[in-house]
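Report on the structure given below.
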Amino acid sequence: MSFSVRLKSPTSSENNEVSRFDYPEILVLLLTVVLVAVHFEFDSTSMALLAIVCLPSLMILIYNYQHQPRFWTSNIVVVLLSTVIGSMQFCTVLSLSLTLLIGIRIILSDPENRLKLIMISAITAMMFYYVSITLSREVMDCNEGLLSPTILLASIVTIFWQFWNVYHKYLNHKKTAKQAKGRLNTMVSVISKLTRFIPPQVWQPIVKSDSVVHVNNKRAKLTIMFSDIAGFTELSDSLSSDNLADILNTYMKCMTIIANRHGAMLDKFVGDGMVCFFGEPNSRGTRQDALDCVAMAIDMRREMRSLRQEWRLMGFEGLYVRIGITTGYCHVGNFGSNNRMSYTIIGKEANLASRLESIAGKGDILISQRTYDYVCHDYECEYAGTYQLKGFDSSINAWQVLDPDANKGRLSKWVDHTLPGFNLHLNFKDMQNYDYKEIKNKLNFALERIEKEEKIMAPDKEGKGK
C-alpha cells in the first residue's frame with residue numbers, strides 16, 4: 001500500500017456518520033403513555049399525559065434523525081420519563097422499568113452532565129407525583145393486566161439495544177484507532193527517513209514549534225569549511241564503481257559523525273567534498289564558532305589517517321583530506337521557491353573557503369587571515385603564503401593549521417610514520433585496555449622480523465662492499 005493511500009483519511013461516510021436512532025427509549029415512552037391511556041380507559045389524566053409526552057417525543061425523534069445527541073435532547077428525554085414515573089405515582093414495576101432507561105441515558109451522557117440529569121429527574125418525578133395525587137385524589141393501580149410486564153419487557157429490549165449500540169461504536173472506534181495508528185506509524189517512519197536528507201538544525205525547530213517554512217534568508221557571520229579528498233579523482237579512474245562508492249560512503253559516514261559531534265551545520269555533499277559551517281542557526285559566538293570549526297577539521301584529518309590505513313590494506317593508496325576555512329559574512333537561510341527550497345549559504349566568503357580548499361596540499365588545513373585571528377591563541381599555525389585566488393581582486397593571506405599532537409613527542413596521542421614498505425599508525429584515543437597486550441605482541445613480532453631481516457641483509461651488504 002502506498003504512502004498516500006495509507007495516509008488518506010477515512011471516507012466521508014465514516015467521518016460524517018450520524019447516529020439516527022440514539023433515543024430508543026422514546027419508543028418505550030410512547031408505548032407506555034398509549035398503554036396507560038388504554039389501561040385507564042382514556043380518562044382525563046391519561047389523555048393529558050399522552051398529550052404532554054407525545055408531541056415532545058416526536059420532535060426529539062425528528063431532530064435526532066439529522067443530528068447527534070445533545071445535552072438538551074437528553075435532558076428532555078429524562079424529563080419526559082420522569083414525568084411518566086411521577087404521574088403514575090411511582091408504580092413499582094412501571095417506575096423500575098422507566099428508571100432503568102433513565103439510568104442508561106445518564107450513563108451514556110457526558111460525565112459533567114450526569115449529576116445535572118439526576119437532579120432534574122428527581123425534581124421532575126416528585127413534582128408530577130404531587131400533581132397526580134392532587135388531581136386524581138386516589139392511588140393509581142397499574143400493576144394489573146399487561147401494562148407493567150409489557151413496559152418492563154420493552155425496557156429490557158431497549159437496554160440490550162443500547163448495549164449493542166455501544167459495543168458497535170466501540171468496535172468502530174477500535175478499528176478507526178487501529179487505522180489511525182497505522183497511518184501515524186507510517187508517517188513517523190517516512191519522516192524519520194526524510195530527516196536523513198535534512199540537517200537536524202533545520203528540521204528540529206520546525207517539528208518542535210510547527211513554524212511556517214518559506215523563502216527567507218539573512219546576513220550572518222559564519223565560519224565556513226570546504227573539504228574534499230585529494231587524489232580521489234585519479235583513483236576513480238582505476239576503480240570500479242562499487243569500490244568507489246564504498247570508499248566515498250565510508251569517508252562521508254565518518255566525517256558526518258565528526259561534524260555532528262562538533263555541532264556543525266552540514267550543508268551539502270559535493271562529489272567527494274563536503275560543506276559545513278558554524279554560526280547559524282545556532283551560534284556560540286564568532287570566536288567559538290571558529291575554534292569549533294578548526295577543531296572539527298583537525299579531527300577530520302586525524303580520522304582520515306585511520307581511513308587511509310584501512311584503504312591502504314585494501315590496496316588503495318594516496319588518499320588525503322584537504323580543507324579550507326574562512327570566517328566572514330554570508331547570506332544564510334532558505335533559498336529557492338515555495339515549492340522547493342534549500343537551507344544553504346551564499347556569499348563571497350563561501351567562495352573563499354572553496355578556493356582555499358582547492359590550493360591546500362594533501363592533509364593540509366588552510367585558513368584565512370580572519371579565521372587565524374580568532375584561533376591563533378589556541379592552535380599553532382604556520383604562514384602558508386599569499387595567494388591570488390580566482391574571483392578575488394586582492395591577495396589572500398593563508399595559514400596552515402598544524403597538528404596539535406605533532407610537537408607533543410611522547411605525550412602525543414598519535415603515532416603516524418610512513419616509509420617505503422613500512423606503515424605505522426597508532427591512535428591511542430581509540431585503543432582499549434584489553435587490546436594493549438595483543439598490540440604489544442604484534443609489535444614484538446614485527447620487531448623480531450625486522451631484526452631477522454636485518455641480519456640476513458647485513459652479510460649481503462658486506463659482500464657488496466668487498
Side-chain angles (χ1 to χ4, degrees), residues 199 201 220-234 236 247-249 251-280 283 286 289-304 307 319-333 335 342-375 379 381 384-392 395-403:
Q201 296 94 330
K221 196 168 189 178
L222 310 174
T223 297
I224 307 155
M225 185 208 78
F226 275 67
S227 72
D228 75 345
I229 304 176
F232 185 81
T233 303
E234 294 78 4
S236 61
I247 291 176
L248 195 58
N249 288 331
Y251 166 76
M252 290 180 175
K253 175 185 175 182
C254 296
M255 297 303 128
T256 300
I257 293 174
I258 295 174
N260 291 337
R261 185 168 66 237
H262 287 272
M265 178 69 187
L266 179 53
D267 185 358
K268 62 175 74 74
F269 294 110
V270 184
D272 61 320
M274 61 188 300
V275 183
C276 300
F277 60 87
F278 291 78
E280 281 293 330
S283 176
T286 304
D289 289 340
L291 290 171
D292 290 340
C293 188
V294 171
M296 178 186 70
I298 292 174
D299 283 349
M300 287 181 174
R301 181 167 60 184
R302 289 171 177 169
E303 183 65 24
M304 194 62 178
L307 293 176
L319 294 178
Y320 294 82
V321 67
R322 58 184 181 183
I323 298 173
I325 300 174
T326 187
T327 302
Y329 285 95
C330 282
H331 276 82
V332 56
F335 292 86
S342 175
Y343 188 88
T344 186
I345 54 174
I346 293 177
K348 187 176 180 180
E349 297 300 328
N351 296 333
L352 176 57
S354 176
R355 296 288 183 264
L356 289 174
E357 174 264 319
S358 63
I359 64 172
K362 294 181 178 180
D364 288 347
I365 302 173
L366 288 187
I367 62 176
S368 66
Q369 182 67 45
R370 283 186 292 272
T371 304
Y372 171 78
D373 293 337
Y374 286 117
V375 305
Y379 292 99
C381 301
T386 301
Y387 298 91
Q388 189 66 46
L389 302 178
K390 182 180 179 181
F392 294 86
S395 300
I396 303 297
N397 293 326
W399 296 78
Q400 181 178 342
V401 180
L402 303 179
D403 193 333

Considering non-hydrogen atoms only, spot the tightest contact between A220 and E280 and give its length. CB-CG, 3.7 Å
Is atom NZ of K268 surrounded by more than 12 heavy atoms (other residues, nucleotides or ligands) closer than 6.0 Å? yes
Nearest heavy-atom pair of I229 and M304: which atoms, and what distance? CG2-CE, 3.9 Å
Value for CG (L402) from SG (C381), rounded to nearest 0.5 Å, stands at 6.5 Å
With a 4.5 Å heavy-atom cut-off, do D272 and L248 have their side chains touching? yes
Taking every non-hydrogen atom, the tightest pair across Q388 and S395: OE1-OG, 3.2 Å
Correct closest heavy-atom pair for A290 and Y374 would be CB-CB, 3.8 Å
Side chain to side chain contact (heavy atoms under 4.5 Å, CB included) between D267 and Y343: does it pass, once the steps are laid out? CA-CA 7 Å; D267 185 358; Y343 188 88; over 6 Å; no
Salt bridge (charged side-chain N to carboxylate O under 4.0 Å, His left out) for R370 and D373? Distances and angles first, verdict last. CA-CA 5 Å; R370 283 186 292 272; D373 293 337; over 6 Å; no
State, to 0.1 Å, how close A230 and R322 come at their nearest heavy-atom pair, and which atoms those are. CB-CD, 4.1 Å
For the atom pair OG1 (T256) and CE (M300), what is the distance rounded to the nearest 0.5 Å? 7.5 Å
Heavy atoms from other residues, nucleotides or ligands near OH of Y329 exceed 12 (cutoff 6.0 Å): no
V321, L307, D299 screened by side-chain contact (heavy atoms from CB on, under 4.5 Å) with M255, the one that passes: L307
Check: L319 and Y251 side chains under 4.5 Å, non-hydrogen atoms: no
Could you walk me through whether M225 and M274 pass side chain to side chain contact (heavy atoms under 4.5 Å, CB included), step by step? CA-CA 8 Å; M225 185 208 78; M274 61 188 300; 4.3 Å; yes
Using side-chain heavy atoms (C-beta onward) and a distance below 4.5 Å, is F278 in contact with T327? no
Report yes if the side chains of K390 and N351 come closer than 4.5 Å at any heavy-atom pair, otherwise no. no
Measuring from D364:CG to R301:CZ, what's the distance to the nearest 0.5 Å? 7.0 Å
Distance, nearest 0.5 Å, that separates CD of Q369 from CG of L352: 11.5 Å
Decide yes or no on side chain to side chain contact (heavy atoms under 4.5 Å, CB included) for N397 and Y372, but give the supporting numbers first. CA-CA 10 Å; N397 293 326; Y372 171 78; over 6 Å; no
Quick one: pull up CG in L222 and CE in M265 and give me the separation to the nearest 0.5 Å. 10.5 Å
Rounded to the nearest 0.5 Å, what separation is found between the CD1 atom of I325 and the CD atom of E357? 11.0 Å
Ignoring hydrogens and angles, state whether a donor on the side chain of T223 or D289 is under 3.5 Å from an acceptor on the partner side chain. no
Taking all non-hydrogen atoms of both residues, which atom of A350 and which atom of F226 are closest, and how far apart? O-CE1, 3.4 Å
